[in-house]
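Heads up: the structure comes next, in structure tokens.
Only heavy atoms go into these numbers, but all of them, side chains included; no hydrogens, no water, no symmetry mates. Each chain gets a letter, A, B and so on, in the order the sequences are listed, and its residues count up from 1. On a predicted model such as this, the values are computed, not experimentally measured, just so you know.
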2 protein chains.
Amino acid sequence: MSIGARRPTIRDVAERAGVSLGTVSNVLNRPDRVALATRKRVLDAIEETGFVRSTAAYQLRAGKSRSVGVVILDVSNPFFTEMARGIEDVCRDSDLVVVLCSTDELAEREARYLRLLVEQRVQGVLITPAGRKLDGVERLRRQGMPVVLLDSRTGRRDICAVFVDDVKGGELAGRHLVEAGHRRIAFLNGPLSIRQCADRRRGLRQALKRAGLDPDRCVSEYHLGALTATQGEAVVPKLLADPARPTGVFCANDVVALGLLSGLRRLDSSTPEQLAVVGYDDVRFAAMLSPSLTSVRQPIYELGRTAGRLLLDEMTNPDHRHQQILFEPELVVRDSSSPLGPEGRGARRGRRR
Amino acid sequence: MSIGARRPTIRDVAERAGVSLGTVSNVLNRPDRVALATRKRVLDAIEETGFVRSTAAYQLRAGKSRSVGVVILDVSNPFFTEMARGIEDVCRDSDLVVVLCSTDELAEREARYLRLLVEQRVQGVLITPAGRKLDGVERLRRQGMPVVLLDSRTGRRDICAVFVDDVKGGELAGRHLVEAGHRRIAFLNGPLSIRQCADRRRGLRQALKRAGLDPDRCVSEYHLGALTATQGEAVVPKLLADPARPTGVFCANDVVALGLLSGLRRLDSSTPEQLAVVGYDDVRFAAMLSPSLTSVRQPIYELGRTAGRLLLDEMTNPDHRHQQILFEPELVVRDSSSPLGPEGRGARRGRRR
DNA sequence: TTGAAAGCGCTAACAG
DNA sequence: CTGTTAGCGCTTTCAA
């Protein structure tokens with residue numbers, strides 16, 4: 001096919017091979033039903049014309065696509081890309097394509113993407129909802145679309161979900177800070193409409209209460225518009241001017257912590273001497289920051305794989321039973337939250353709890 | 001629509017609204033041609049039935065989709081996701097969906113994705129080729145598919161491309177190391193089949209030659225299977241056992257440098273005292289590593305936007321002229337390559353050249 | 001083993 | 001303003 005020419009169809013191939021269009025289709029879909037010689041002629045014709053099947057036509061006939069949608073909050077957060085990789089690795093085995101959509105935590109963009117995915121007739125959707133309402137998810141399910149909640153806790157038993165115990169994760173972080181003697185803690189959180197944010201907050205407060213402290217007095221919360229490095233960096237001046245003068249900070253994820261450390265460094269404020277920092281996710285770069293970042297680890301890739309498998313089961317298994325699979329977080333202590341000392345910074349390699 | 005029911009079609013909507021199917025289509029595509037009352041009835045029927053247009057059917061009619069393909073080397077590399085964001089931001093304005101494909105530098109996977117994209121009849125493709133051959137790209141173009149090379153130098157004038165001068169980037173890194181007195185330099189590079197890798201290598205060697213040094217003697221090259229943190233970390237033992245005992249390392253990208261620093265730390269080797277490190281890309285986290293990473297900066301987001309605009313132009317403008325747009329790299333010096341001193345580490349915030 | 005023909009859901013040209 | 005109709009490219013009966 002040369003430039004400008006119309007894309008060749010199965011009909012063009014048939015003509016060239018001197019067979020009917022049905023035969024070409026058979027070569028494509030059930031080659032064993034076609035005589036060897038004919039098959040070869042057709043294959044040659046395909047080669048010569050540069051024919052490539054149209055997904056649209058296939059789909060229209062089949063009534064469904066060969067793809068699944070993955071809706072995440074932020075492509076530039078390694079947490080989500082690693083999770084997506086887990087999903088993709090599972091889907092590849094079933095010859096399914098992953099359509100990746102990043103909402104940037106915007107409900108409006110989520111709605112738009114979900115509509116797009118339905119228009120594309122994806123076979124299923126894996127989603128970390130941007131809001132708490134789940135109305136987008138509900139709409140999908142009402143239409144009979146298999147859906148798995150990604151990294152998103154739910155009390156409901158009628159929908160598949162994989163998630164990590166974020167309340168516990170928040171508590172791990174909180175307890176760690178409290179045990180290190182911090183009584184004025186800043187919490188850089190995202191919108192509470194995001195389930196993970198609300199849960200981590202709850203855990204943090206719980207930890208304080210359990211230590212006999214009053215969260216309302218000890219914690220000053222900063223609600224970032226989004227959990228990004230930019231926002232984490234932008235909040236630094238406010239943080240340093242906070243009348244409560246926090247000595248420790250808990251960031252709702254590592255990307256925010258990255259921004260925070262960046263901002264602190266820019267203002268020549270030192271960590272952890274002046275401000276201890278704890279992140280969340282334990283993404284790859286966390287261990288490598290300056291100082292290395294204490295973080296709450298999640299089994300990210302595994303989360304993705306598990307979610308992918310659940311979706312495949314829901315899509316293909318008539319006896320599918322909805323499951324909510326819970327993973328446990330783990331605190332990894334590093335320099336960003338450690339008191340300095342001769343054996344302090346740098347000596348520590350990350351201690352899990 | 002309830003679970004298990006067939007998905008409603010435009011025909012179901014028409015029936016429910018008591019109009020013909022053509023009218024429903026008009027409401028969808030040219031609402032002004034339909035009387036207000038009718039339109040309302042149809043809209044209600046759409047709402048009630050839960051009708052969602054099928055992209056497949058639309059495409060089949062239109063002969064094309066509303067999407068473009070973006071083929072990158074690695075989704076988990078912030079360099080590529082930031083570039084993708086630039087592309088997406090441009091495409092959104094034209095109501096185009098971006099299909100993101102990550103080849104992990106595997107030619108085979110690239111071929112598979114390209115085929116998939118053609119099957120989907122994407123309107124254009126932006127690609128960082130996994131190999132040097134460009135045969136996948138050639139095939140696309142022969143089929144009349146608009147293609148823009150992403151971050152990929154080409155001498156050809158008959159194809160759009162955006163790229164940064166990687167030879168110069170390599171040279172910046174090399175000169176910096178040489179000027180700092182390094183005479184035994186390790187180069188952690190990816191496969192030379194990747195254009196960027198070959199170019200950065202050339203630049204590095206050029207810098208040495210210009211300084212009157214012999215690259216063959218001064219540089220020991222390590223060809224990683226892929227430019228990932230894992231590979232960067234895995235090479236550390238070999239690096240430390242290198243008979244040439246390098247004092248400086250140039251990493252072909254920041255993700256590799258991240259892995260390298262990680263591995264060095266694990267083995268208690270110190271940077272930059274024992275080994276100066278220079279990365280490439282200057283992604284967000286580079287400034288925040290421990291030690292902060294000297295890196296060759298590229299205008300990443302801008303690269304994406306520019307590429308997106310070129311593709312849109314090629315797709316829509318009959319007078320389109322192919323352009324190769326070159327950006328300049330910039331060295332950002334930080335602690336990972338600096339000699340330590342009282343005013344040394346930490347004092348430095350990143351100096352551009 | 002191959003061919004003919006119906007139809008997937010939709011758009012757009014045309015007729016009324 | 002609304003309805004009728006011919007396909008878009010393909011898969012899949014059903015006949016030959």
Proximal nucleotide (of D:dG9, D:dT2, C:dT2) relative to the A:Thr23 side chain: C:dT2
Touch class at under 4.0 angstrom, heavy-atom based, for B:Gly63 against every strand present: nothing
Shortest side-chain distance from B:Asn29, nucleotide among C:dT11, C:dG9, D:dC10: C:dT11
B:Val19 side chain, from C-beta outward: closest of C:dT1, D:dG3, D:dC10: D:dG3
Atom-to-atom span, CD of A:Gln59 to P of C:dG7 - whole angstrom: 21 Å
Atom pair distance, as rounded to whole Å: CG in A:Leu28 and C1' in D:dT12: 14 Å
Spacing between B:Leu60 atom CG and D:dT11 atom C1', to the nearest angstrom: 12 Å
Proximal nucleotide (of D:dT11, D:dG9, D:dT2) relative to the B:Asn26 side chain: D:dT2
DNA chain D: 5'-proximal contact among B:Val34 and B:Ala57 (nearest heavy atom): B:Val34
Distance-only donor-acceptor check, side chains A:Asp158 and A:His322, under 3.5 Å: no
Length of the CD1-C1' vector between B:Ile10 and D:dC8, whole Å: 15 Å
salt_bridge(A:Asp44, A:Lys40) N-O dist < 4.0 Å: yes
B:Arg61, nearest nucleotide to its side chain (from C:dG9, C:dG3, D:dG9): C:dG9
Nearest listed nucleotide, side chain of B:Phe51, among C:dT2, D:dC10, C:dC10: C:dC10
Any A:Arg30 side-chain nitrogen or oxygen under 4.0 Å from OP1 or OP2 of D:dT12: yes
Side-chain heavy-atom pair B:Val42, B:Arg39 within 4.5 angstrom cut-off: no
Rounded distance in Å - CG (A:Leu21) to C1' (C:dA4): 9 Å
Phosphate-side-chain proximity, A:Ser25 and D:dT12, N/O vs OP1/OP2 below 4.0 Å: no
Selected nucleotide, minimal atom distance to A:Thr9 side chain, candidates D:dC10, D:dT12, C:dT2: D:dC10
Side chain of B:Ser20 (C-beta onward), nearest among C:dA12, C:dG9, D:dG3: D:dG3
Under 4.0 angstrom between B:Arg53 side-chain N/O and C:dT11 OP1 or OP2: yes
Length of the line joining B:Glu119:CD and D:dC10:C1', which is rounded to integer Å: 12 Å
Residues B:Glu15, B:Arg11: salt bridge by 4.0 Å N-O rule: no
Backbone of B:Ala56 reached by a side-chain donor or acceptor of B:Ser54 within 3.5 Å: yes
Value in whole Å for how far the P atom of C:dC10 lies from CZ of B:Arg11: 9 Å
Length of the line joining B:Leu36:CG and D:dC1:C1', which is rounded to integer Å: 13 Å
Nearest listed nucleotide, side chain of B:Thr38, among C:dC10, C:dT2, D:dC1: D:dC1
Sub-4.5 Å side-chain heavy-atom contact between B:Val97 and A:Leu116: yes
